[in-house]
Amino acid sequence: MMSGGALFRNVAAQLIRRNGSASDPFGKTGARLQSRRPYFPGRAKETRNDQTGLSPPPSSSSVGIVGWYLGMVKSRPVLTKGVTSCLIYIAADLSSQTITKEKASSESYDLVRTARMGAYGLFILGPVQHQWFGFMSRLFPKQDIVTTLKKMAMGQTVYGPTIMVIFLSFNALLQGEGGSDIVARLKRDLLPVMLNCVMYWPVCDFITFKFFPVHLQPLVSNSFSYVWSIYMTYMGNREKPAAISS
């Protein structure tokens with residue numbers, strides 16, 4: 001049988017618990033209501049960013065021209081690389097004409113020559129580079145030192161001589177030269193061009209193959225190609241060998 005004091009304490013404890021529930025209507029019930037709030041994804045994302053202190057990722061509009069260009073390289077690679085090569089060769093040819101033109105000369109720029117160089121970049125160099133770098137990445141997929149040296153060797157022994165012959169022949173053909181003139185031009189210009197190529201391109205190829213993914217390699221190569229193209233546009237537009245010997 002419970003004593004009077006124990007009975008009093010039991011009743012008092014029950015009253016305190018009831019009063020506490022009545023005076024705190026937002027306790028457990030409020031927690032349950034809070035857990036049943038409707039979910040808004042956008043507001044939840046903002047809340048998480050506020051709690052972590054991290055800003056949301058930049059939108060596509062803030063990426064700018066670099067993001068647009070990379071998207072074009074992936075969606076339309078051949079066209080994008082062709083246009084890139086075209087613009088680089090146009091700029092290189094104008095630079096070459098500026099350098100070789102005498103200061104006191106009043107001659108205007110040869111825009112037909114510049115158009116030839118742009119056509120070579122658009123229709124030949126850009127598509128060829130796309131295929132070549134893709135072929136190299138499939139043949140040698142790694143980017144270690146040994147694989148990079150193999151790619152460089154292939155570039156100097158296969159790609160370099162082939163593209164130089166194509167460039168000199170294409171440019172001579174657009175100038176109206178015949179087969180014998182093209183052969184004479186190759187005999188005169190190809191060896192000096194190849195010697196200078198060996199001195200310039202190995203370091204450029206090493207950087208391109210070693211440090212950049214395959215879809216960016218034509219862009220990087222074209223960036224190095226600007227200086228080289230100034231030299232090549234000069235060599236490709238020299239007078240015909242027959243005109244010099246006369």
Side-chain angles (χ1 to χ4, degrees), residues 57-58 60 62-96 99 117-118 120-168 170-171 189-236:
S60 57
S62 64
V63 175
I65 191 170
V66 175
W68 172 83
Y69 181 83
L70 294 178
M72 289 297 294
V73 167
K74 292 184 178 181
S75 62
R76 297 183 178 179
V78 178
L79 176 62
T80 304
K81 294 166 187 177
V83 172
T84 302
S85 298
C86 173
L87 295 176
I88 289 175
Y89 260 77
I90 288 175
D93 182 68
L94 293 175
S95 300
S96 178
I99 293 171
M117 297 297 98
Y120 168 76
L122 177 62
F123 297 111
I124 296 181
L125 185 61
V128 168
Q129 282 189 334
H130 172 74
Q131 298 298 331
W132 173 256
F133 285 111
F135 172 70
M136 284 290 96
S137 67
R138 293 189 297 270
L139 185 63
F140 304 113
K142 298 181 180 180
Q143 285 187 298
D144 56 273
I145 297 296
V146 175
T147 303
T148 302
L149 293 176
K150 291 178 181 179
K151 293 177 182 178
M152 291 170 57
M154 290 285 289
Q156 294 299 314
T157 58
V158 178
Y159 175 78
T162 302
I163 203 67
M164 292 302 106
V165 170
I166 292 174
F167 170 77
L168 294 173
F170 175 81
N171 189 59
D189 296 339
L190 184 58
L191 183 59
V193 167
M194 290 307 304
L195 292 176
N196 289 323
C197 178
V198 171
M199 290 188 292
Y200 179 76
W201 276 107
V203 175
C204 302
D205 286 343
F206 179 83
I207 295 172
T208 301
F209 287 120
K210 177 64 178 174
F211 300 108
F212 291 90
V214 62
H215 69 282
L216 290 182
Q217 287 174 359
L219 174 62
V220 178
S221 180
N222 276 325
S223 301
F224 289 123
S225 183
Y226 172 74
V227 176
W228 176 254
S229 300
I230 294 176
Y231 167 72
M232 285 303 301
T233 55
Y234 164 75
M235 293 295 293

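Shown here for Ser95 and Ile230, the closest heavy-atom pair between the two residues is CB-CD1, 3.8 Å. Smallest separation of non-hydrogen atoms from Ile88 and Ser223: CD1-N, 4.2 Å. Scanning both residues, Cys197 and Pro202, for their nearest heavy atoms gives O-CD, 3.6 Å. Smallest separation of non-hydrogen atoms from Leu168 and Gly236: CD2-CA, 4.1 Å. Summarising the geometry of Pro77 relative to His130, their closest heavy-atom pair is CB-CE1, 3.6 Å, with the distance given to 0.1 Å.
Distance alone, capped at 3.5 Å, places no donor-acceptor pair between the Thr147 side chain and the Gln143 backbone. Here the side chain of Ser137 pairs a donor or acceptor atom with the backbone of Gly134 at under 3.5 angstrom. Here the side chain of Ser221 pairs no donor or acceptor atom with the backbone of Gln217 at under 3.5 angstrom.
To the nearest 0.5 Å, atoms CG (Leu195) and CG (Leu190) are separated by 9.5 Å. Atoms CE and CG, from Met164 and Leu191 in turn, are 13.5 Å apart once rounded to the nearest 0.5 Å. Atom CG of Asp144 sits about 6.0 Å away from atom NZ of Lys210, to the nearest 0.5 Å. Distance check: Met72 CE to Ile65 CD1 gives 11.5 Å after rounding to the nearest 0.5 Å. Note that the CE atom of Met194 and the CG atom of Asp189 stand 13.0 Å from one another [nearest 0.5 Å]. Considering CG of Leu139 and NZ of Lys151, their distance stands at 9.0 Å, rounded to 0.5 Å.
Not a single salt bridge (Lys or Arg N to Asp or Glu O under 4.0 Å) links Asp205 to another residue, sequence neighbours left out. Listed by chain and number, the residues in a side chain to side chain donor-acceptor pair (under 3.5 Å) with Thr208 amount to none (sequence neighbours excluded). Applying the side-chain contact (heavy atoms from CB on, under 4.5 Å) criterion to Leu70, with sequence neighbours excluded, gives Val66, Leu216. Tyr200 is linked by a ring pair (Phe, Tyr, Trp, His ring centres under 6.0 Å) to Trp228, counting only residues two or more places apart in sequence or in another chain.
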request  = Before giving the answer on side chain to side chain contact (heavy atoms under 4.5 Å, CB included), spell out for Asn196 and Met235 the whole-Å C-alpha distance, their side-chain angles and the decisive distance to 0.1 Å.
outcome  = CA-CA 12 Å; Asn196 289 323; Met235 293 295 293; over 6 Å; no

inquiry  = The test is side chain to side chain contact (heavy atoms under 4.5 Å, CB included); show your working for Ser225 and Tyr89 and say whether it passes.
reply    = CA-CA 9 Å; Ser225 183; Tyr89 260 77; 4.1 Å; yes

task = Please assess Val73 against Leu219 for the test side chain to side chain contact (heavy atoms under 4.5 Å, CB included), listing each intermediate value before the final yes or no.
result = CA-CA 9 Å; Val73 167; Leu219 174 62; over 6 Å; no

request  = Mind running side chain to side chain contact (heavy atoms under 4.5 Å, CB included) on Met117 and Ile90 for me, showing each step along the way?
outcome  = CA-CA 6 Å; Met117 297 297 98; Ile90 288 175; 5.9 Å; no

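Sparse packing is recorded around OH of Tyr234, with 12 or fewer heavy atoms of other residues, nucleotides or ligands lying under 6.0 Å away.
Judged purely by distance below 3.5 Å, without hydrogens or angles, the side chains of Ser96 and Tyr231 never pair a donor atom with an acceptor atom. Side-chain contact check for Thr233 and Ser229: no donor-acceptor pair (N or O, by modelled atom type) lies under 3.5 Å.
Contact of the Val158 side chain with the Trp132 side chain is registered, since non-hydrogen atoms from C-beta on lie closer than 4.5 Å. Side-chain contact check for Val128 versus Tyr159: some heavy-atom pair is nearer than 4.5 Å.
Applying the ring-ring contact (aromatic ring centres under 6.0 Å, His included) rule to pairs touching residues 204-226 yields Phe133-Phe209, sequence neighbours excluded. Annotation: salt bridge (charged side-chain N to carboxylate O under 4.0 Å, His left out) contacts involving residues 75-93, sequence neighbours excluded, comprise Asp93-Arg113.
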